[in-house]
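Following: one structure in structure tokens, then a few remarks.
All chains are named by letter (A, B, ...) in the order of the sequence lines, taking the proteins before the strands, and each is independently numbered beginning at 1. Being a predicted model, the structure only gives us computed values, none of them experimental.
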Protein chains: 2
Amino acid sequence: MKDVAARAGVGLKTVSRVVNGEPGVTPDTERRVQEAITALGFRRNDSARMLRKGRTASIGLILEDLADPFYAPLARAVEEVAREHGALLINGSSAEDPERERELALAFCARRVDGLVVIPAGADHRYLEPEMAAGVATVFVDRPAGLIAADAVLSDGFGGAREGVAHLIAHGHRRIGFIGDQPHIHTAVERLRGYRAAMAAAGLPVDESWVSLGGTGAERVRAEAERMLGGERPVTALFTGNNRVTVTVIRVLAGLPRRVALVGFDDLELADLLSPAITVVAQDPARLGRTAARLLFRRLGGAERVPRRVELPTQLIVRGSGELPP
Amino acid sequence: MKDVAARAGVGLKTVSRVVNGEPGVTPDTERRVQEAITALGFRRNDSARMLRKGRTASIGLILEDLADPFYAPLARAVEEVAREHGALLINGSSAEDPERERELALAFCARRVDGLVVIPAGADHRYLEPEMAAGVATVFVDRPAGLIAADAVLSDGFGGAREGVAHLIAHGHRRIGFIGDQPHIHTAVERLRGYRAAMAAAGLPVDESWVSLGGTGAERVRAEAERMLGGERPVTALFTGNNRVTVTVIRVLAGLPRRVALVGFDDLELADLLSPAITVVAQDPARLGRTAARLLFRRLGGAERVPRRVELPTQLIVRGSGELPP
DNA sequence: CTGAAAGCGCTTACAG
DNA sequence: CTGAAAGCGCTTACAG
């Protein structure tokens, strides 16, 4: 910029005016500055600009895995809202590791992102309190923050799971298995609560061997499904706690001679083309992301005060697998 | 930092030393500085740091759609490599719009990203030449750059499509349809070339009504598939040019009374569970991303000079749909 | 072991 | 309409 000013024979501030399209520059001066800019290949350094302005026009997004078909549309929606507000998106995958979540969040804050959208891996977010106090707008999505008061945008996992399980019960099932994610994950627990509520509402007992929370790795899920489907009194239906669990269970069921009912939490791309087509309790990941990002920017605009908790409904999509008889 | 220095009764440089773990500070001084840091809640501003250091330790990724199941793993892989190099990832979706690609790329450059990984939407990347000359390492993935010399990491779309179509021919098909993406997209053209090469190698004529390039929207693809499968002399097999086309065609075929052979370019999550299971020519999106990002950092390290073009193999995965007889 | 000065590339608040 | 000075928050190159 100094070079441009020198070459155009003007002051720094005048170059700044031209670069930012501010008024108060003679057409002639402007032309000279423009010429210098092109001749020197000047490109404004936005980092320097933002250092001075205070806001970086960027927000950070921390999720579990950018490649997960559930989170990818959520990320895209956040990006879209950021774009509408002229902000860029910095992205990080925590790989479900609380330490990595923390590192990413603090790295983003060190870069002075204006805000943070977090799908938390950890259960203790007190490390973010100084950052939030310093003005970093923070919204949690999919799972609430741990041990601090903060905005959260969640799906109604309890209600959704309850509805899905009630659907199986309505189709005659009494022995229903539940395979979900790890017990320290909020969504896993909520969905299990929904399962229990539906069973209780129907006056059905729950044999604890029908319930399994744990990693979503294929081996574990396969083993648990086979266990529940084997033995003397196997379950006649399964409710799966998320998309990854569902995919593995579909594979297990495909290898079985008899047909077993299944309702899965989360929709899958080709679910309608399988036979039977898979009945699911669908979330709207893009809407989750959009809602969270909008809340973030509203907070940045100073409109919000008290932490808000938004809960989005789920939708039961009936396709066939959930209507199979016992 | 100034406040910390004042409170600890030391100079700025000493605070800097403590914050960065540089040697040459008495344990006692260090303790005083640390106390001031905690008391004041000091957090180093990495943006300011990078302004001074010259490198921002961040790279930009521009792709078509973060939510696309093909690009999401690619993005994740880029992120992973960036992380290994201590860099953050800024992300942008071009929505297949050249103007938006350009805006994103220039916005990233204005933030002074160290490098750029680009899945191009446009066909003219001369706008990036000044940036590259100014030192922004740039690697194109999935599709080559237009009108400039630059690194490119591509899949062997020609070879992959040729192999897939040859597979259909080997199973007795003579009338094979090709439905692909828009003709200005490099990968679409390459895959069509592969189709033609396979047909020519088998001495088969290609009726131009069997070939359709255009948008991947469901309506168009559905119409084209139905057109090719209708009429007096319908095709007996289809080769689809990418994952989105494949999904729509699977839906069309599912509604048909007869079974039509299908080989799709790109793998799909539940492809093995459909009946018939879908035979595909698979790319490895994570490997594409990893390769591109590694090349980028090698270039940043100054190891590379001349633009390189890397081509990764595809893999024919035989599952059933491609082996159906005419 | 420690720190004052200059500078990274911009904008802000003024003054003319 | 135009520009000089100060400052955003850090690091670099020195000097002591």
Please work out whether the ring planes of B:His125 and B:Phe140 are parallel, tilted or perpendicular, with thresholds of 30° and 60°. perpendicular
Return the value, rounded to whole Å, for the distance between atom CE of A:Met1 and atom P of D:dG7. 18 Å
Taking atom C1' of D:dC8 as reference, at what distance in whole Å does atom NZ of B:Lys2 sit? 9 Å
Where is the tightest heavy-atom contact between B:Val19 and B:Arg44, given as atom of each residue plus distance? CG1-CD, 3.8 Å
In terms of side-chain heavy atoms, does A:Ser94 have a donor or acceptor partner in A:Glu101 at a distance below 3.5 Å? no
Check whether any side-chain N or O of B:Thr29 sits under 4.0 Å from OP1 or OP2 of C:dT2, and answer yes or no. yes
Of the listed nucleotides (C:dT11, D:dC10, C:dG9), which one gets closest to any side-chain atom of A:Ala48? C:dG9
Taking the minimum atom-to-atom distance to the side chain of B:Leu12, which one of C:dC10, D:dC10, D:dT12 wins? D:dC10
Between D:dC1, D:dT11, C:dT2, which one does the side chain of B:Arg44 approach most closely? D:dT11
Atom-to-atom span, CD of A:Glu22 to P of C:dA13 - whole angstrom: 12 Å
Backbone N/O of A:Ser93 and side chain of A:Arg100: donor-acceptor pair under 3.5 Å: yes
Counting only Watson-Crick or G-U wobble pairs whose two distances fall under 3.5 Å, which nucleotide matches C:dA13? none
Separation of C:dC8 atom C1' from A:Arg49 atom CZ, nearest Å, is 17 Å
Please step through side chain to side chain contact (heavy atoms under 4.5 Å, CB included) for the pair B:Ser47 and A:Met50, ending with a clear verdict. CA-CA 9 Å; B:Ser47 292; A:Met50 281 148 184; over 6 Å; no
Would you say D:dC10 has OP1 or OP2 under 4.0 Å from some side-chain N or O of B:Ser16? no
Residue-phosphate contact under 4.0 Å: A:Thr14 side-chain N/O, D:dG3 OP1/OP2: yes
Using the side chain to side chain contact (heavy atoms under 4.5 Å, CB included) rule, pick out the option among B:Leu88, B:Leu89, B:Asn91 that qualifies with A:Ile90. B:Leu88
Length of the line joining B:Ile37:CD1 and D:dG9:C1', which is rounded to integer Å: 14 Å
What integer distance in Å separates B:Asn45:CG from D:dG7:P? 18 Å
Of D:dC8, C:dC10, C:dG3, the nucleotide closest to the side chain of A:Leu51 is D:dC8
Spacing between B:Arg52 atom CZ and C:dG9 atom C1', to the nearest angstrom: 11 Å
Toward the 5' end of DNA chain D, by each residue's nearest nucleotide, B:Arg17 or B:Asp46: B:Asp46
Among D:dA4, C:dG3, C:dC10, find the nucleotide with the atom closest to the side chain of B:Lys13. C:dG3
What does A:Val10 touch in the nucleic acid at a heavy-atom separation under 4.0 angstrom: a base, only the sugar-phosphate, or nothing? sugar-phosphate
State whether B:Lys53 places a side-chain N or O below 4.0 Å from either non-bridging phosphate oxygen (OP1 or OP2) of D:dT12. yes
Establish, with yes or no, whether the OP1 or OP2 oxygen of D:dT2 is under 4.0 angstrom from a side-chain nitrogen or oxygen of A:Thr26. yes
Atom CZ of A:Arg55 and atom P of C:dT11 are separated, to the nearest Å, by 17 Å
